[in-house]
Amino acid sequence: MQENYSPSTIEQAAQTFWDQRNCFKTDLDSDQEKFYCLAMFPYPSGKLHMGHVRNYTIGDVISRYQRMQGKQVLQPMGWDAFGLPAENAAIKHNIPPAQWTKTNIAEMRTQLKRLGFAYDWEREIATCHPDYYRWEQWLFIQLYKKGLVYRKNSEVNWDPIDKTVLANEQVIDGRGWRSGALVERRQIPQWFLKITDYAEQLLNDLDQLTEWPSEVIRMQKHWIGRSEGVELTFAVQGPQADCPAQTVEVFTTRPDTLFGVTYVAIAPQHPLSLYAAKKSAAKNNSTLQEFITAFEKVKVAEADMATLEKAGVDTGLRVIHPLTQEILPVWTANFVLMSYGSGAVMSVPAHDQRDWEFAQKYQLPIKQVIEPTNEAPVDSTQAAFTEKGQLIHSAEFTGLTSVEAFAAIAQHLAEKKCGQRKVQYRLRDWGVSRQRYWGAPIPIIYCDTCGAVPVAEQDLPVRLPTDVKFDASGCSPLKQMPEFYQTTCPCCAKPATRETDTFDTFMESSWYYARYLSPRDTQQMTGENAQKWLPVNQYVGGIEHAVLHLLYSRFFHKLMRDEGLVHCDEPFQKLLCQGMVIAETFYREEASGKKDYIAPQDVEILRDDKGQILSAKHKKDQQPVLIGNNEKMSKSKNNGVDPQIMIDKFGADTVRLFIMFAAPPEQSLQWNDSALEGAHRFLKRVWRLVYQHTQSEYFIPCQKKSAKELTLDNRQKELRSKTHQTLKKAGDDMGRRCTFNTAIAAVMELLNAVSQQSRLCLEDEVVVKEALDISLLILSPIVPHIAHALWQTLGHAENSIDARWPIVDETALVSGQIEIAVQVNGKLRTRFWVDTNTEQKTLEALALNNETVSRFIAEKTVRKVIVVPNKLVNIVVA
RNA sequence: GCGCCAGUGGCGGAAUUGGUAGACGCGCUGGAUUUAGGUUCCAGUACCGCAAGGUGUGGGGGUUCAAUUCCCUCCUGGCGCACCA
């Protein structure tokens, strides 16, 4: 055995060993219990970043741990290969997206291999491959036939200079990021999947997901947003012949407040808004038109719309209250979204804070119709009263509670045929059309005679041409490629045009987990393996995917289930959402106030003699720099750490260990170069402890003895006890809690104890060997290379990856004495040692007679003594 | 704006079911080894205080014999908001 730890040598040796034996190839037909562990596949952006390393290390640790539990583990890897960055790179570097993507995949695959992840590489997939996306096109056609697909107009960000559609990300401060032009909203026809048909199932089945983080469940519930209410109709007063609507439909969850409605608010894009704007413009009043035009300059993102200052314009139109026949004004308001419900709401300023603020701003009437049941005063001139209560000023409904009134008013509206109960969801249908090149073509053909027709199944896949040229505008090259879009109609064979839009890339990532089970199947989307191997047992990925990706995947899974492709209801049994990787930021402020970020490796930090940071300076010019917050590693903050540099310097095991040790997986992880070196130091220590053991005269005899059979002295028993306590804790931390940081800390404690153990006889060395064996097995999922090398060194015949997780020896755990804490009035005053399971009365007496305690209870009356066996005694005095 | 989450030493974090706050690591201080730097080893390290002791888990309030943990409220930070992935 080498005396010194040399990561590069042992890591390469271990990886070669695993490769040559195909150790991580999964046998899907095995009789063993299956475990499918999946980390969210990466977008191939160029190189691995630290977030990837964290994601895949967590997945690998879980996979290797489950393998040690005797399970047949599947851990695949692939590439979410379509997306916007490839098009940006194409424009910037004049290289086709396919080629750029392929190069990046090769680079990142090499990096993943260097980290020693136990992937079954034979199952690798890339979503940009026609053999992959053809099945997505195929499913889309099945959904089309079932009526789960439809086309409607919807809004996009339009860049009037580049004449292209922009993603929300490409609109900065209302301007296109390339052209700098003010963007406009534009309505274009797009394809939608009816996810709202599955809203109820997506909501109800969340109850099945008992092993998902509760915050993700909560976020999804809210996103789906089921609410029960009443849909009702306001008739437009005296509509002219050209008026686009005779009525305004609204949905409310508070029909009990119906008598408090003082106006109706509609979205700027509502047909009645547009109609009223045209009418008033004809009379030389352009206020409404200007308001609508201004709103059209706001980007499509909801966050942008919701943060606008509430504003509106009276349309001049009037509607009739369905119960009171009052005439109410109709206002166009920027807080009403056309994409929600009907694009109109009834406003009750007295009982809704947003309506109240709007009414205050425009001096609209505020009419209280609910009072609190506890008769507390309500002042509608100060704020809205939004709670439920009892009805007032509500005709025959006056006196009812809000709950009673809900039912009564709903029934009354139904009888009058101007409303009915309705369950509404916040969830909107999924728009899957993208006006972009680098995505899966939507398999639709437009025929002048037959309309929109799906591509015939035998003509799939619709291949995306890869030899393309981009111009600086970012427009999709497909629109300029007649060889792509010119085709014939599958129904009537006449000349027809292909759809040039491509799918949202969430389509590919919504079902890849199923494709890993039969990645090369040319006959079907998924096969028998999917029945046996789904759901995924453990899914690992960033919390940023809590709603969109994880909701779309759940939806897709149900679509596939209803197509008979999979048999379970949910795709992911257990979910772990890892936190971000953050790092310190340093900057200087330019004259303009703009921050010029400086990379942490160029900064030197000055500390006082307690280690507290005093200041920082630039290594090059020795001038001071400002210390910013810890932020997510990014190019813009110049605080990224290249994992490859760290791996080259310290080895994969050190990087893996640091990442798993520095924080529990759900929390954000702060990068720290010194702590990384600390992790490296620990591995060197592990190596040295094993080396010392191999140098012992008892090294060989040890291999034939088990600690259990020997007669041990107290010190040896203590180490054995610590070993098995550590194993028990680490097993729980890794298997159940997924708190790998505390499992590692426990092993560090154990090895600290090993360092202090005297090693003078066979028994000493045998208990040390047991501690080393168990430590190595606990660590092996985290640092598999060093574990592989040292496990062999310790004389074990099998490989560490095939070793079973060790079994706790319960008899070794028992310890005779235990320390009891003594509190007086809840404050810790002293501690004493007693035999385990000492009776409560004895503990009480020992505590009361304790010398230290007596000082605190002298001249006071003991009111109560609380005894928690084997833990503490609390004496309450007054 | 709406939804979700988190605030504990100089730093990352631990305390799993309401029961001894600060495990483990980093940093820092002192010492040993070394020609030196580095490495390695030993000791110390929440704050105030000479000590006795007191204070302390973002702020304020509450429940309890006992609160980092439960409740209310406020503040700060992060994530998501449907075309970044």
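Naming: A, B, ... by sequence-line order, numbering from 1 per chain.
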With [atom1] as the reference atom in both, quote the distance from [N] to [M] in angstrom, rounded to an integer.
N: B:rA46; M: B:rU29; atom1: C1'; answer: 16 Å
N: B:rU39; M: B:rG53; atom1: P; answer: 41 Å
N: B:rA82; M: B:rA14; atom1: C1'; answer: 39 Å
N: B:rU16; M: B:rC70; atom1: P; answer: 11 Å
N: B:rG80; M: B:rG30; atom1: P; answer: 45 Å
N: B:rU40; M: B:rA85; atom1: P; answer: 46 Å
N: B:rG54; M: B:rC4; atom1: C1'; answer: 40 Å
N: B:rG38; M: B:rU45; atom1: P; answer: 25 Å

Report which part of the nucleic acid [X] touches: base, sugar-phosphate, or nothing (heavy-atom distance under 4.0 Å, all strands).
X: A:A301; answer: sugar-phosphate
X: A:K729; answer: base
X: A:R434; answer: base
X: A:Y43; answer: sugar-phosphate
X: A:V156; answer: base
X: A:E666; answer: nothing
X: A:E631; answer: nothing
X: A:F335; answer: nothing
X: A:E302; answer: base
X: A:A675; answer: sugar-phosphate
X: A:F192; answer: nothing
X: A:P664; answer: sugar-phosphate
X: A:I744; answer: nothing
X: A:Q190; answer: base

So, is [X] near the phosphate of [N], with a side-chain N or O under 4.0 Å from OP1 or OP2?
X: A:R354; N: B:rC2; result: no
X: A:R426; N: B:rA82; result: no
X: A:R829; N: B:rG54; result: yes
X: A:K864; N: B:rC65; result: yes
X: A:K632; N: B:rC79; result: no
X: A:Q667; N: B:rC79; result: no
X: A:R436; N: B:rA85; result: no
X: A:R218; N: B:rC5; result: yes

What's the closest nucleotide to the side chain of [X] if the choices are [options]?
X: A:E215; options: B:rC24, B:rA82, B:rC4; value: B:rC4
X: A:D504; options: B:rC26, B:rC83, B:rA82; value: B:rC83
X: A:R681; options: B:rG1, B:rA14, B:rC26; value: B:rC26
X: A:T505; options: B:rC41, B:rG3, B:rA85; value: B:rA85
X: A:Q670; options: B:rC11, B:rA85, B:rG53; value: B:rC11
X: A:R737; options: B:rU16, B:rG19, B:rA85; value: B:rU16
X: A:R688; options: B:rC41, B:rC26, B:rC84; value: B:rC41

Once you apply the 3.5 Å cut-off to both distances, tell me the Watson-Crick or G-U wobble partner of [N], or none.
N: B:rA82; value: none
N: B:rU39; value: none
N: B:rG44; value: B:rC28
N: B:rA6; value: B:rU76

Residue met sooner reading RNA chain B from 5', once A:E155 and A:T852 are mapped to nucleotides: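 The residue whose closest nucleotide sits nearer the 5' end is A:T852.
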Nearest-nucleotide comparison on RNA chain B, the residue closer to the 5′ end among A:H222 and A:N741: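 Residue closer to the 5' terminus by nearest nucleotide: A:H222.
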Hey, is the side chain of [X] pairing donor to acceptor with the base of [N] inside 3.5 Å?
X: A:N168; N: B:rC83; answer: no
X: A:R736; N: B:rU16; answer: yes
X: A:Q435; N: B:rC83; answer: yes
X: A:R863; N: B:rC65; answer: no

For a 4.5 angstrom cut-off between non-hydrogen side-chain atoms, does [X] reach [Y]?
X: A:Y437; Y: A:T502; result: no
X: A:N55; Y: A:V540; result: yes
X: A:T654; Y: A:F682; result: no

Geometric class of the A:F82/A:W438 ring pair [parallel <30°, tilted 30-60°, perpendicular >60°]: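 If you compare the ring of A:W438 with that of A:F82, the planes turn out perpendicular.
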Parallel, tilted or perpendicular: rings of A:F555 and A:Y198 (30°, 60°):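 The rings of A:Y198 and A:F555 stand perpendicular, inter-plane angle above 60°.
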Syn/anti state of B:rG77 by chi, 90° boundary around 0: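 Chi for B:rG77 falls in the anti range.
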Regarding [X] and [Y], does a basic nitrogen lie under 4.0 Å from an acidic carboxylate oxygen?
X: A:E3; Y: A:R688; result: no
X: A:E155; Y: A:R186; result: no
X: A:K729; Y: A:D733; result: yes

From A:H222 atom NE2 to A:L427 atom CG, the distance as rounded to the nearest 0.5 Å: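 So the NE2 of A:H222 and the CG of A:L427 are separated by 13.0 Å.
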Result of checking A:V165, A:V156, A:V171 against A:V183 for side-chain contact (heavy atoms from CB on, under 4.5 Å):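 With A:V183 as partner, side-chain contact (heavy atoms from CB on, under 4.5 Å) holds for just one option, A:V171.
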